[in-house]
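Proteins come first, then strands; the chains are lettered A, B, ... in the order of their sequence lines, and each starts at number 1.
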Number of protein chains: 2
Amino acid sequence: MGRDAEETRRRLLRAATEEFAERGLAGARVDRIAAAAGASKPLLYAYFGNKDDLFDAVYNRVIAEFVRQTPIDPQDLPGYAGRLFDWSVAYPELVRLTFWDRLERSGQGARQPVVLEANRSKVAAIQRAQDDGGISGRFPAAELLLLITTLAGTWAFAQLGPDGPEDGDVAAARATLLRAVRLLVEQDGSGDLGRGASDH
Amino acid sequence: MGRDAEETRRRLLRAATEEFAERGLAGARVDRIAAAAGASKPLLYAYFGNKDDLFDAVYNRVIAEFVRQTPIDPQDLPGYAGRLFDWSVAYPELVRLTFWDRLERSGQGARQPVVLEANRSKVAAIQRAQDDGGISGRFPAAELLLLITTLAGTWAFAQLGPDGPEDGDVAAARATLLRAVRLLVEQDGSGDLGRGASDH
DNA sequence: GCGTTGTTACCTACTAGTTGGTAACATAGA
DNA sequence: TCTATGTTACCAACTAGTAGGTAACAACGC
């Protein structure tokens, strides 16, 4: 463990991510973060300014990575929902941080340019798919996207127990989620009663 | 404002509800609650034990009232969802407290007997409606209920801005929610393309 | 030598919870 | 009806401990 500023920075961010996801902004302790990172408090302040800015840094990194890793496929929205769900289960920090942000900071993190831009492009993609007739146009594209992300995120969150999920339930929950999304996007009167591109 | 223990208790509970809904357990300040209630801190402690117990008292009262006021009608689940939504918009404290409970206390509030019992009876009612053939049996009753409550609650929460909802959007959001629920519960191949008992 | 990377020791402000008491009301005996 | 006694409702001020944040000092490595 030589002196590597970049590496130390990363350790601090990592520790902060865990602490904030677990306890939120008000509940998090700066001392605990520094200790968990094996660094000192002044160093943390030198790198990140203050507690609030540190939360920003944490949230921005997590959300940016999330957006980058979950590209939308408007032709297969159930599959997209499944990927959101999987990500949310694998990294519960994401969902928790998002809820903390909503509760403690009026969702200011969700109003960042990165997020807004990603959203716009996803809505546009859905809109196109609706125009092409691949999926139902019964919901406006923006509402459909919100419906899907809401469902995937909260659904994962609801399933996640205090000490991680019980394995059996997760698969069932995932299946239910996909099924629900399929119902939301399938064309009126299509004979398609459930089998779709997202099954395998 | 004479000496009325019961009334003072109520004022404290009211103030605590607002404070906890707004800031959560860690963010809430006991002094602020006492001040807002026009009472003293020792009195608060005499009546409610400690901060955590006070949160319990607040949450229990709110959730019990909520359960009491939103009876299920398994024949009209979109209407039920609409009522949940309306309640959540009218009393945002309910949704916020629920999320705080999940984040800060691993959802211990949601595991109370009152809640569990209410849930059981609702699941049973849905099950019966499914057996009778009134609504689709494609989702297990328990999952369907969770799907609906999740959607209604989070949907309302997502719509609610920092300073209350903008009126126009709420009606649209409500309509979208009902529509989504209708899709989830309507029978396969029913020609019913949206008009239902819950419209008016 | 000197900028970068780091730590120790400290400070101020705040916070949950308590102590030691007062003011209002109730009731019983004279 | 008045006063003594007990009780309930309530509070100003304090305590012990904790929080975020900083100033002053040390060591590494180019």
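Of the listed residues (A/R61, A/K51, A/R105), just one forms a side chain to side chain donor-acceptor pair (under 3.5 Å) with A/D56, and that residue is A/R105.
Here the P atom of nucleotide C/dA24 and the CG atom of B/D4 are 16 Å apart, to the nearest Å. The CD atom of B/E6 sits 15 Å away from the P atom of D/dT8 (whole-angstrom rounding). When rounded to the nearest whole Å, the span between CD of B/E19 and P of C/dT15 equals 10 Å. For the pair B/L44 CG and C/dT15 C1', the computed distance is 14 Å after rounding to whole Å. Remark: C1' of C/dA16 and CD1 of B/I33 are 11 Å apart, rounded to the nearest angstrom. For the pair B/L12 CG and C/dG17 P, the computed distance is 15 Å after rounding to whole Å. As a whole-Å value, the separation of A/R29 CZ from D/dG20 C1' is 10 Å. For A/D31 and C/dC10, the CG to P distance is 16 Å, given to the nearest whole Å.
Ring geometry for A/F99 against B/F99 counts as parallel: the plane angle stays under 30°, on a 0 to 90° scale with 60° as the upper cut.
Residue A/A28 is classed as a sugar-phosphate contact, given heavy-atom separations below 4.0 Å to backbone atoms only. Here B/F48 lies out of heavy-atom contact (under 4.0 Å) with every strand. B/A39 comes within contact range of the sugar-phosphate backbone alone, with a heavy-atom separation under 4.0 Å but no base atom that close.
The phosphate of C/dT5 (OP1 or OP2) has no side-chain N or O of A/Y47 nearer than 4.0 angstrom. For the OP1/OP2 pair of D/dC10 and a distance below 4.0 Å, the side-chain nitrogens and oxygens of B/T8 include at least one atom meeting the criterion.
For OH of B/Y47, the number of neighbouring non-hydrogen atoms (other residues, nucleotides, ligands) closer than 6.0 Å is greater than 12.
In this structure, a donor-acceptor pair under 3.5 Å is absent between the side chains of B/D101 and B/Q108.
Note that CG of B/L145 is 5.5 Å distant from OH of B/Y80, once rounded to the nearest 0.5 Å.
Of the candidates D/dG20, C/dA16, D/dC10, the closest approach to any side-chain atom of A/K41 belongs to D/dG20. Comparing D/dG21, C/dG17, C/dT7 by their nearest atom to the side chain of A/K51 picks out D/dG21. Proximity note for B/S40 (side chain, C-beta onward) versus C/dG6, D/dA19, D/dC11: the nearest is D/dC11. Residue B/R3 has its side chain nearest to D/dT8 when only D/dA26, C/dA16, D/dT8 are considered. The B/L43 side chain lies nearest to D/dC11 when the options are C/dA16, D/dC11, D/dG21.
Nearest-nucleotide positions on DNA chain D for A/R32 and B/P42 put B/P42 closer to the 5' end.
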